[in-house]
Asks: 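Next up is a structure, given as structure tokens.
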Amino acid sequence: MASTAPVKARTGSSRERTSTHEGFLVHRGGRWMKIAAALALALILLYIFVPLPPGHFGSTWLGYTLGTVGALLILWLTMLGVRKRAITPGRWSLKAWTSAHVWLGLLLIVVGTLHSGFDFGWNVHTLAWGLMMIVIISGIVGIWLYATVPAALSENRYDSEGAITEKQMVEAIRSLDRQIHDAAQPLDPESAGLVNRSLEEDPFAGSFWNRITGKYPRDATRFASSELRRMRAYKPRHADDPLDKVDALLTRKEAMLGRMRRHLKLKAWLQAWLYVHVPVTFALIAALSAHIVSVFFYW
């Protein structure tokens, strides 16, 4: 009989902890939120009350000013990825930079829309505006995910025995597999074949859609457990039936698999929004370049 290695003891850490952490959205009393709001209000008032000649608003002095500010702001916002590699304290700490990135990114909605003069059409100019909005909206989704998912991750890690890490989840599944293998030795070939499907299953297998939704319709462990119960319903019950132990172990494994897959799902959501945000940012820069070239050379 194969030996069963013990799973590492839980940390037992308590969920009751007090945090004085200041989020990047309200860094320094929401300094960048206030700056962005003040600039947005000032630009809207300029757009409403400053007399400008008729025609394309983007070709006026205010339109060019807004366009220049918007283009420079977009280029500066793309530097956050570079800035993340250097952790420094003070006024331009990473937290301050991230706060400015978020609020000035939202300011772009006002800057870009006013620069367009609300003149939208099927052209490269509107394409640049549309890509900008997709980048901003995906960024908002990212903020929401970072505000909610970590708490869900923490909740998934804790139970009555304390905290469990991702590594410990994997170790627990492997330990259960060894126990299931030993308990299934007396089973008939058909039942043993079902159990073997569960043992051979890769717990990390599955498509990106499986990972992001947490749905695994072809889960071998769930299938084996349900089929063994169906088969047992037509067989006489007797004491010390090995199927009882196998069924109990499969149930425990199914619960642990569900827990680990919830963990992987939440981690995937933290990364998935970037698959929209980053590529569309590069597309925005390309469309913005085409917009600038077309305005200065062909408009």
Asks: May I ask you to say whether Glu227 pairs ionically with Arg230, meaning some side-chain N is under 4.0 Å from a carboxylate O?
Replies: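 Yes.
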Asks: Can you tell me how far CD1 of Ile136 sits from CG of Leu107, rounded to the nearest 0.5 angstrom?
Replies: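 Here the interatomic distance stands at 9.0 Å.
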Asks: Any heavy-atom pair between the side chains of Thr65 and Thr68 that's under 4.5 Å?
Replies: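 No. Closest side-chain heavy atoms not under 4.5 Å.
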Asks: Search all heavy atoms of Ala220 against all heavy atoms of Arg197 and return the closest pair with its distance.
Replies: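 So the minimum-distance heavy-atom pair works out to CB-O, 3.5 Å.
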Asks: Okay, side chain of Arg211, backbone of Ala205: is any donor-acceptor separation there less than 3.5 Å?
Replies: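 Looks like no, no N/O pair under 3.5 Å.
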Asks: For residues 264-282, pull every pair meeting salt bridge (Lys or Arg N to Asp or Glu O under 4.0 Å), keeping only residues two or more places apart or in separate chains.
Replies: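 Only Glu166-Lys267 qualify under salt bridge (Lys or Arg N to Asp or Glu O under 4.0 Å).
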Asks: Under a 3.5 Å distance rule, please check whether Thr78 uses its side chain to pair with a backbone N or O of Leu75 as donor and acceptor.
Replies: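 Checked: pair present.
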Asks: Looking only at atom types and distance, does a side-chain atom of Arg222 sit under 3.5 Å from a main-chain N or O of Tyr216, one as donor and one as acceptor?
Replies: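 Flag set: sc Arg222 to bb Tyr216 pair under 3.5 Å.
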Asks: Report yes if some heavy atom in the side chain of Asp247 is under 4.5 Å from a heavy atom in the side chain of Leu228; otherwise report no.
Replies: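 No - every pair of side-chain heavy atoms lies 4.5 Å or more apart.
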Asks: Could you go through His291 and Leu127, starting from their C-alpha distance and side-chain angles, then the distance that decides it, and tell me whether this counts as side-chain contact (heavy atoms from CB on, under 4.5 Å)?
Replies: CA-CA 9 Å; His291 164 69; Leu127 174 63; over 6 Å; no
Asks: Between Pro217 and Asn210, which heavy-atom pair has the shortest distance, and what is it?
Replies: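 Nearest heavy atoms, Pro217 then Asn210: CD-ND2, 4.0 Å.
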Asks: Let me check something: do Met132 and Leu73 share a hydrophobic cluster, defined by ILVMFWY side-chain heavy atoms less than 4.5 Å apart, either directly or through other members?
Replies: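 Both belong to a single hydrophobic cluster.
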Asks: Give the minimum heavy-atom separation between Gly105 and Leu77, together with the two atoms involved.
Replies: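 Of all heavy-atom pairs spanning Gly105 and Leu77, the closest is CA-CD1, 3.8 Å.
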Asks: At what distance, to the nearest 0.5 angstrom, does CG of Leu249 lie from OG of Ser225?
Replies: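 Between atom CG of Leu249 and atom OG of Ser225 there are 10.5 Å.
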Asks: Do Gln168 and Glu171 have side chains that get closer than 4.5 Å, going by heavy atoms?
Replies: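 Answer yes - side chains close enough.
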Asks: Can you measure from CG (Asn196) to CD (Glu200) and round to the nearest 0.5 angstrom?
Replies: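 Interatomic distance, Asn196 CG to Glu200 CD, rounded to 0.5 Å: 4.0 Å.
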Asks: Using a 3.5 Å distance criterion without hydrogens, assess whether the side chain of Ser294 forms a donor-acceptor pair with backbone atoms of Ala290.
Replies: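 Here the side-chain-to-backbone pair exists.
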Asks: Can you list the steps and then say if Ser99 with Met33 is a side-chain contact (heavy atoms from CB on, under 4.5 Å)?
Replies: CA-CA 8 Å; Ser99 182; Met33 176 183 63; over 6 Å; no
Asks: Using the rule given for side-chain contact (heavy atoms from CB on, under 4.5 Å), can you reason through Trp103 versus Ile35, listing the C-alpha separation, both sets of side-chain angles and the distance that settles it, and then say yes or no?
Replies: CA-CA 8 Å; Trp103 293 113; Ile35 292 173; over 6 Å; no
Asks: Could you go through Lys245 and Gln179, starting from their C-alpha distance and side-chain angles, then the distance that decides it, and tell me whether this counts as side-chain contact (heavy atoms from CB on, under 4.5 Å)?
Replies: CA-CA 10 Å; Lys245 185 174 182 180; Gln179 296 177 58; 5.9 Å; no
Asks: Quick check for you: to the nearest 0.5 Å, what is the distance between Thr221 atom OG1 and Leu176 atom CG?
Replies: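 Reported value, rounded in 0.5 Å steps: 10.0 Å.
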Asks: Go through the side-chain N and O atoms of Asp119 and Ser116 and say whether any donor and acceptor fall under 3.5 Å apart.
Replies: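 On atom types as modelled, these side chains do not qualify, holding no pair under 3.5 Å.
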Asks: Examine distances only and state if a side-chain atom of Lys215 and a backbone atom of Trp209 form a donor-acceptor pair shorter than 3.5 Å.
Replies: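 No, the answer is negative, given that no donor and acceptor are paired below the 3.5 Å cut-off.
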Asks: Report yes if some heavy atom in the side chain of Leu194 is under 4.5 Å from a heavy atom in the side chain of Phe223; otherwise report no.
Replies: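 Side-chain contact under 4.5 Å: yes.
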Asks: Please output the side-chain donor-acceptor pairs of residues 275-289 that fall under 3.5 Å, not counting sequence neighbours, one pair per line with the distance.
Replies:
from: His277; atom 1: ND1; to: Val135; atom 2: O; distance (Å): 3.0
from: His277; atom 1: ND1; to: Ser138; atom 2: OG; distance (Å): 2.8
from: Thr281; atom 1: OG1; to: His277; atom 2: O; distance (Å): 2.5
from: Ser289; atom 1: OG; to: Ile285; atom 2: O; distance (Å): 2.9

Asks: Can you hop from Leu66 to Trp61 via hydrophobic side chains spaced under 4.5 Å?
Replies: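 Result: yes, single cluster for both.
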Asks: What heavy-atom pair brings Ala184 and Val195 nearest, and what distance separates the two atoms?
Replies: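 Scanning both residues completely, I find the closest heavy atoms to be CB-CG1, 3.9 Å.
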Asks: If you round to the nearest 0.5 Å, how far is CG of Asp241 from CG of Leu187?
Replies: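 That separation rounds to 8.0 Å.
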Asks: Do Ser198 and Lys253 make a side-chain contact, defined as non-hydrogen atoms from C-beta onward lying under 4.5 Å apart?
Replies: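 Heavy-atom side-chain distance check passes, below 4.5 Å.
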Asks: Over all heavy atoms of both residues, which pair between Trp144 and Thr148 is shortest? Give the atoms and the distance, please.
Replies: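 Smallest heavy-atom distance, with atoms named: O-OG1, 2.9 Å.
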Asks: Over all heavy atoms of both residues, which pair between His115 and Gly63 is shortest? Give the atoms and the distance, please.
Replies: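 So the two residues come closest at ND1-O, 2.7 Å.
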Asks: Are Leu145 and Ile212 co-members of a hydrophobic cluster defined by side-chain heavy atoms under 4.5 Å apart?
Replies: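 Yes; Leu145 is reachable from Ile212 via cluster members.
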Asks: When clusters are formed by joining ILVMFWY residues with side-chain heavy atoms under 4.5 Å apart, either directly or through shared neighbours, do Tyr47 and Phe120 land in the same one?
Replies: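 Tyr47 and Phe120: one cluster.
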Asks: Quick one, Asn156 and Met169 - any side-chain contact, counting heavy atoms below 4.5 Å?
Replies: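 SC-SC contact between Asn156 and Met169 confirmed.
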Asks: Would you check if the distance from the ring center of Trp97 to the ring center of Trp76 is below 6.0 Å?
Replies: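 Centroid distance Trp97-Trp76: below 6.0 Å, so yes.
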Asks: Return the CE to OG1 distance between Met256 and Thr251, rounded to the nearest 0.5 Å.
Replies: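 The distance works out to 13.0 Å.
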Asks: Can you tell if the side chain of Leu243 reaches within under 4.5 Å of the side chain of Met231, non-hydrogen atoms only?
Replies: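 In short, these two side chains do not touch, never coming nearer than 4.5 Å.
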Asks: In terms of hydrophobic clusters joined by side-chain contacts under 4.5 Å, are Leu106 and Leu131 together?
Replies: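 Yes, one cluster joins them.
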Asks: State, yes or no, whether a side-chain contact exists between Arg174 and Arg178 at a heavy-atom distance under 4.5 Å.
Replies: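 With C-beta onward as the side chain, the pair touches.
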Asks: Using a 6.0 Å cut-off, check whether atom CH2 of Trp269 has over 12 heavy atoms from anything other than its own residue.
Replies: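 Result for CH2/Trp269: open.
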Asks: Does a side-chain N-to-carboxylate-O contact under 4.0 Å join Asp219 and Arg261?
Replies: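 So Asp219 pairs with Arg261 through a salt bridge.
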